[in-house]
Structure formats: structure tokens, C-alpha cells
Amino acid sequence: MGKNIFVSYKYKDTLVNDLNKKKIVYEGGQFRTVSRQTLVRDYVDELQKIIDNEDHINLGEKDGESLKDFSDGYIESSLKNKIFRSSITIVMISKGMKVSYLPEKDQWIPWEIAYSLREVTREDRTSRMNAILGIVLPDENNSYEWYFTLDSVCNCTNHKTGQLFEILKGNMFNLKNPVKTYCGTMEIHNGEFSYIKTVKWDDFKNYSNSPSFYLNAAIEIRKYHEHYNIKKNVN
């Protein structure tokens with residue numbers, strides 16, 4: 001059975017690995033094909049090809065649209081319509097997803113995550129909070145080290161959550177009673193320690209048993225959402 005999926009992403013973020021995209025231009029009286037910058041939107045196009053055809057996908061942010069001039073009512077109605085029928089939200093986590101000079105409340109992604117985590121009543125039906133999967137995209141140097149780093153001494157992976165939106169950061173490492181081990185003074189979390197599960201783009205698209213493995217893992221986490229301290233508000 002297919003899933004209803006909502007995809008949250010920063011449309012024009014170009015701090016991602018090149019996908020060798022082209023565009024057609026008209027110059028000197030003729031058309032020719034030239035290279036163009038890769039956008040996160042291009043990764044979303046690839047995501048749509050990868051995910052099973054039975055799944056229904058609804059996309060988030062519009063091209064460059066800011067929330068600064070919109071009312072809370074508009075934001076609420078817009079996102080309720082888009083997210084209400086979805087069961088899982090995919091967040092494309094990219095290096096330039098967060099505009100540092102804008103308040104988080106003026107950016108789409110935090111609100112999209114917030115409404116994905118809320119139980120919303122519409123007419124006679126109340127939706128559950130969504131499962132959320134974060135797909136981390138490689139940066140312009142084809143590296144994941146902007147977010148993931150490997151600690152070879154402690155044999156663990158570090159997550160650089162400090163550069164994320166607060167609502168993303170607040171729903172990672174948020175298991176109420178985490179299982180921890182120690183490497184010197186470093187705490188190492190084991191198991192599913194975050195409500196928002198994260199995976200590298202390459203691992204997601206290349207997984208031998210299909211990307212549904214990661215979608216189903218996020219849905220499994222949702223079954224035990226009461227074990228997590230869920231942050232649902234935008235700062």
C-alpha cells in the first residue's frame with residue numbers, strides 16, 4: 001500500500017553536489033545547451049523518481065516564497081491542506097537550507113515540520129503526527145562532513161545539529177531514556193535516539209532493499225513517539 005508523503009525543502013539552495021543539470025538558452029540566433037547550477041529542487045525531482053510509484057508525494061516550499069508578509073492564518077490553512085493527509089514527512093537537509101539573517105518563523109521549513117508533528121482536526125477527522133525522515137544532501141564539495149563526521153577513536157558518527165533549525169535540532173537526540181555508552185568523556189547514543197531519523201542521500205538512494213527501508217524505519221519510530229520529547233513549536 002502506498003504512503004502519502006510530504007517533502008519539505010529549500011527550493012533554491014545551491015550548496016549541494018552537482019547533478020550535471022543543463023538548460024537551453026537562446027543566443028546569437030540559435031538555441032544551445034549549457035550547464036546550470038544544481039538546486040535542492042533537482043534532488044527532489046530525483047527523489048520522486050526513486051520512491052515507489054504507489055506513493056503520493058506533496059511538495060513543500062514554493063520558489064523563493066518568504067513568509068514575512070503572510071498572516072498566521074494563511075500559513076496554517078496552507079500547511080493544513082498540504083500536510084493533513086500525509087503520514088510521513090521527508091525533510092531534505094541541505095547545507096544552505098537555513099537563511100541565517102531571517103527569523104525562523106519567516107521561513108517555510110520550520111512551519112512545515114511543526115505542522116507535520118501536530119495532530120490536526122479537520123471536519124470530523126483528526127490526523128496523527130507524521131513520521132519524519134531527514135535526508136542529508138552532500139554539499140558543493142560532494143561531502144557530508146558539513147553535517148556528519150566520523151570519530152575514528154570512538155568509532156561513532158557525530159551529528160552537527162547546531163546549524164539546523166531549532167525544531168529540527170530539538171527533535172534529534174530527544175529520546176527520553178537513551179541508551180548510552182561512553183568513550184572517555186564523550187556520550188555515545190545507541191539505537192533510535194532521535195524522533196527525526198537521518199540518512200545520507202547516497203545511502204537512501206542506493207539501499208539494496210529499496211528506499212522504503214528508511215521510510216518504514218521512520219514510521220516505526222512514530223509508533224513509539226511517547227518515548228521522545230517532541231518539540232512542536234517554531235521559535
Side-chain angles (χ1 to χ4, degrees), residues 8-10 13 15-17 40 43 88-105 107 109-114 116-117 129-207 209 211 213-235:
S8 179
Y9 63 102
K10 181 64 178 175
D13 182 9
L15 300 181
V16 289
N17 186 46
V40 169
Y43 278 86
I88 183 167
T89 295
I90 293 177
V91 185
M92 305 296 270
I93 300 177
S94 56
K95 189 175 178 180
M97 70 187 300
K98 180 179 178 180
V99 181
S100 59
Y101 59 83
L102 282 179
E104 294 193 8
K105 64 182 180 63
Q107 301 181 60
I109 293 174
W111 286 110
E112 289 167 349
I113 297 168
S116 294
L117 290 169
M129 72 167 65
N130 280 12
I132 301 185
L133 178 67
I135 300 180
V136 180
L137 302 182
D139 68 10
E140 68 275 27
N141 298 311
N142 196 22
S143 172
Y144 291 97
E145 290 191 0
W146 73 270
Y147 181 78
F148 290 116
T149 56
L150 177 64
D151 188 321
S152 57
V153 175
C154 295
N155 191 29
C156 65
T157 300
N158 297 320
H159 297 236
K160 298 180 181 178
T161 62
Q163 59 197 312
L164 302 180
F165 291 109
E166 288 298 318
I167 197 166
L168 272 175
K169 178 182 176 181
N171 288 297
M172 296 177 179
F173 295 90
N174 63 330
L175 186 65
K176 291 178 181 177
N177 297 297
V179 177
K180 299 179 183 179
T181 55
Y182 290 84
C183 177
T185 59
M186 179 183 291
E187 291 183 347
I188 300 175
H189 292 244
N190 299 293
E192 297 294 359
F193 46 81
S194 297
Y195 184 78
I196 298 180
K197 182 178 180 65
T198 53
V199 60
K200 294 179 181 178
W201 166 255
D202 288 283
D203 291 341
F204 178 83
K205 70 185 182 72
N206 294 327
Y207 189 73
N209 291 332
F213 171 84
Y214 293 104
L215 297 173
N216 291 334
I219 290 171
E220 188 68 18
I221 291 172
R222 183 183 63 178
K223 292 179 182 178
Y224 304 98
H225 65 87
E226 69 274 7
H227 296 300
Y228 295 85
N229 291 308
I230 306 294
K231 177 181 173 61
K232 300 184 179 182
N233 297 317
V234 177
N235 291 348

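Because only heavy atoms are used, hydrogens play no part in the values below, and waters and symmetry mates are left out as well, while side chains stay in. Owing to the predicted nature of the structure, the values given are computational and were not obtained by experimental measurement.
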May I ask you to test the [X]-[Y] pair for a side-chain heavy-atom distance under 4.5 Å?
X: Phe193; Y: Lys180; answer: no
X: Tyr195; Y: Leu117; answer: yes
X: Lys231; Y: Glu166; answer: yes
X: Tyr147; Y: Thr198; answer: yes
X: Lys160; Y: Thr149; answer: yes
X: Ile113; Y: Val91; answer: yes
X: Val153; Y: Met186; answer: no
X: Met129; Y: Lys232; answer: yes

Can you tell me how far the [atom1] atom of [X] sits from the [atom2] atom of [Y], to the nearest 0.5 Å?
X: Asn155; Y: Thr181; atom1: CG; atom2: OG1; result: 10.0 Å
X: Ile221; Y: Leu133; atom1: CD1; atom2: CG; result: 8.5 Å
X: Glu145; Y: Lys95; atom1: CD; atom2: NZ; result: 10.5 Å
X: Asn177; Y: His227; atom1: CG; atom2: NE2; result: 9.0 Å
X: Lys200; Y: Phe148; atom1: NZ; atom2: CZ; result: 7.0 Å
X: Ser100; Y: Gln163; atom1: OG; atom2: CD; result: 11.5 Å

Okay, side chain of [X], backbone of [Y]: is any donor-acceptor separation there less than 3.5 Å?
X: Asp13; Y: Gly96; result: yes
X: Trp201; Y: Ile135; result: no
X: Asp151; Y: Cys156; result: no
X: Asn174; Y: Tyr228; result: no

For this session: For the pair Lys98 and Glu104, find out whether any cationic side-chain nitrogen is under 4.0 Å from an anionic carboxylate oxygen.
Result: yes
For this session: Quick one: do Val99 and Gln107 satisfy side chain to side chain contact (heavy atoms under 4.5 Å, CB included)? Show the steps, please.
Result: CA-CA 8 Å; Val99 181; Gln107 301 181 60; 3.5 Å; yes
For this session: List the steps, then state whether side chain to side chain contact (heavy atoms under 4.5 Å, CB included) holds for Asn233 with Ile167.
Result: CA-CA 7 Å; Asn233 297 317; Ile167 197 166; over 6 Å; no
Quick one: closest heavy-atom pair of [X] and [Y], and the distance?
X: Asn190; Y: Ile188; value: ND2-O, 3.6 Å
X: Gly134; Y: Ile196; value: N-CG2, 4.1 Å
X: Leu164; Y: Met97; value: CD2-SD, 4.5 Å
X: Leu175; Y: Glu192; value: CD2-O, 4.0 Å
X: Ala218; Y: Ala131; value: O-CB, 3.4 Å

Problem set entry | Of Leu15, Val136, Leu137, the residue whose pairing with Trp146 passes side chain to side chain contact (heavy atoms under 4.5 Å, CB included) |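 Checked Leu15, Val136, Leu137 against Trp146; only one passes side chain to side chain contact (heavy atoms under 4.5 Å, CB included): Val136.
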Problem set entry | Among Ile90, Ile93, Ile132, Ile109, the one residue meeting side chain to side chain contact (heavy atoms under 4.5 Å, CB included) with Ser8 |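 Filter result, single survivor: Ile109.
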For this session: Could you tell me how the ring of Tyr214 sits relative to the ring of Phe204: parallel (under 30°), tilted (30 to 60°) or perpendicular (over 60°)?
Result: tilted
Exercise. Only one of Asp139, Asp202, Thr157 clears side-chain hydrogen bond (donor to acceptor under 3.5 Å, both in side chains) with Tyr144; which?
Worked result: Asp202
